[in-house]
Amino acid sequence: MNWDNFFMSRCEALGKAAGEKGNSPVGALIVKEGVIISEAEEAGKSKNDITCHAEIEAVRMAVEKLHTNDLSQCILFTTDEPCIMCSYTIRFYKIKKIVFKKKVEYLGGISSSMPLLISTDVPPHWGKPPEIVHWKDVEH
């Protein structure tokens, strides 16, 4: 079984569930050593809280579950390119790898004029940028 395909399919199902609730159709999950640690769907509209992006919600759950702020052994899978807000969170918690499916039109953490996910102009304690995998560039 190709686990990356499984993880991305799960993100897509989470995104579909988010969309059915009136939120943006985004799903994300965090994996550590091949095990899903947390998963979340976009909830900004339903929770009336702009910070409830799927990626941030997944990070919140992973931090709570693992009892640490160091997610450097974790991989984030997400349906959409993390925005700059999510990218700040990803960098702060030192997630080592990001796998995303769709680029976003505005404020993407990789493709915008503010590429926080790949920038080296960040606080030194954040460490190096994570490995970035755009799902469309991967053979499935």
Side-chain angles (χ1 to χ4, degrees):
M1 171 182 240
N2 182 325
W3 285 105
D4 287 357
N5 284 338
F6 172 79
F7 296 143
M8 190 56 74
S9 292
R10 183 65 191 136
C11 287
E12 291 169 335
L14 291 163
K16 182 178 179 189
E20 290 170 354
K21 294 173 185 154
N23 295 296
S24 297
V26 181
L29 55 86
I30 294 181
V31 174
K32 181 178 181 186
E33 298 173 356
V35 176
I36 296 174
I37 301 302
S38 63
E39 58 181 37
E41 57 188 58
E42 193 87 3
K45 289 181 183 174
S46 58
K47 289 186 175 182
N48 198 27
D49 181 346
I50 191 64
T51 68
C52 293
H53 285 197
E55 298 88 345
I56 293 174
E57 293 284 89
V59 167
R60 285 176 176 144
M61 287 183 250
V63 165
E64 184 176 332
K65 183 173 184 174
L66 297 174
H67 305 289
T68 184
N69 286 336
D70 182 358
L71 301 181
S72 61
Q73 298 305 307
C74 296
I75 300 170
L76 172 75
F77 285 82
T78 181
T79 55
D80 291 46
E81 173 186 359
C83 71
I84 57 172
M85 178 175 65
C86 294
S87 296
Y88 181 101
T89 303
I90 290 163
R91 292 298 299 273
F92 179 84
Y93 289 102
K94 300 180 178 119
I95 295 173
K96 72 175 179 178
K97 182 176 178 180
I98 311 304
V99 181
F100 75 98
K101 190 167 184 181
K102 297 181 287 190
K103 284 189 176 187
V104 298
E105 187 173 355
Y106 303 104
L107 302 176
I110 302 156
S111 64
S112 77
S113 63
M114 295 174 274
L116 187 56
L117 265 183
I118 57 175
S119 176
T120 56
D121 190 21
V122 297
H125 66 278
W126 285 13
K128 64 181 183 173
E131 178 184 349
I132 306 291
V133 177
H134 188 182
W135 190 251
K136 77 172 193 75
D137 297 333
V138 177
E139 290 187 32
H140 307 290

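FYI, the numbering just counts along the sequence from 1.
Considering every non-hydrogen atom in both M61 and S38, the closest pair reads CB-CB, 3.6 Å. Contact detail for R91 and L116: the closest heavy-atom pair is NH1-O, 2.8 Å. Nearest heavy atom pair, residue A28 against residue L14, reads O-CD1, 3.6 Å. Nearest heavy-atom pair, A40 versus A54, reported as atom, atom and distance to 0.1 Å: CB-O, 3.5 Å. Contact record, I37 with K65: O-CD, 3.3 Å, taken as the closest heavy-atom pair. Annotation for S87 and G109: closest pair OG-CA, 3.2 Å, computed over non-hydrogen atoms.
In the model, E55 has a side-chain atom that pairs as donor or acceptor with a side-chain atom of T78 under 3.5 Å.
By the 4.5 Å heavy-atom criterion applied to side chains, I95 and P130 are not counted as neighbours. Under the 4.5 Å side-chain criterion, counting only non-hydrogen atoms from C-beta, V133 is not in contact with F100. Looking only at side-chain heavy atoms (C-beta outward), P25 and T79 stay at 4.5 Å or farther from each other. Annotation: side chain of C86 is not in contact with side chain of L117 (no heavy-atom distance under 4.5 Å).
For the atom pair F7 CZ and E39 CD, the distance stands at 10.5 Å (nearest 0.5 Å). Note that CD1 of I56 and OG1 of T51 are 6.0 Å apart. Values are rounded to the nearest 0.5 Å. Considering CG of L76 and OG1 of T89, their distance stands at 10.5 Å, rounded to 0.5 Å. Expressed to the nearest 0.5 Å, how far OG of S46 lies from CD of E20 amounts to 12.5 Å. Rounding to the nearest 0.5 Å places CG of D80 at 12.0 Å from CD of E105.
Criterion: ILVMFWY side-chain heavy atoms under 4.5 Å apart, direct or through other members. Under it, I98 and M85 are not part of a common hydrophobic cluster. Connection of Y88 to I30 is established within a shared hydrophobic cluster, with ILVMFWY side chains joined at heavy-atom distances below 4.5 Å, either directly or through further cluster members. Residues I36 and W135 are members of one and the same hydrophobic cluster, defined by side-chain heavy-atom contacts under 4.5 angstrom among Ile, Leu, Val, Met, Phe, Trp and Tyr. Linking ILVMFWY residues whenever their side-chain heavy atoms come closer than 4.5 Å, directly or via other members, places L66 and Y93 in the same cluster. I118 and V99 sit in two unconnected hydrophobic clusters of ILVMFWY residues. Membership requires side-chain heavy atoms under 4.5 Å apart, directly or through other members.
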ask   = Passes side chain to side chain contact (heavy atoms under 4.5 Å, CB included), V63 versus V59? Steps please.
value = CA-CA 6 Å; V63 165; V59 167; 4.1 Å; yes
task = Start with the C-alpha gap between K47 and E57, add the side-chain angles, then the distance that decides, and say whether salt bridge (charged side-chain N to carboxylate O under 4.0 Å, His left out) holds.
result = CA-CA 12 Å; K47 289 186 175 182; E57 293 284 89; 2.7 Å; yes
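A salt bridge between D70 and K94 is absent, with no side-chain N of the basic residue lying under 4.0 Å from a carboxylate O of the acidic one. For K16 and E41, the salt-bridge test fails: no basic side-chain N is under 4.0 Å from an acidic carboxylate O.
A donor-acceptor distance shorter than 3.5 angstrom exists from the side chain of H134 to the backbone of K101, with no hydrogens or angles considered. A distance-only check finds a donor-acceptor pair linking the side chain of N23 to the backbone of E42 [under 3.5 Å]. Judged by distance alone, the side chain of R10 and the main-chain N or O of L29 form no donor-acceptor pair under 3.5 Å.
Partners of K103 under the salt bridge (charged side-chain N to carboxylate O under 4.0 Å, His left out) rule, at least two apart in sequence or in another chain, do not exist in this structure.
Using the six-membered ring where Trp is involved, W3 and F6 have ring planes that are perpendicular, over 60° apart on the 30 and 60° scheme.
For residues 107-126, the side-chain hydrogen bond (donor to acceptor under 3.5 Å, both in side chains) pairs, not counting sequence neighbours, are E81-S111.
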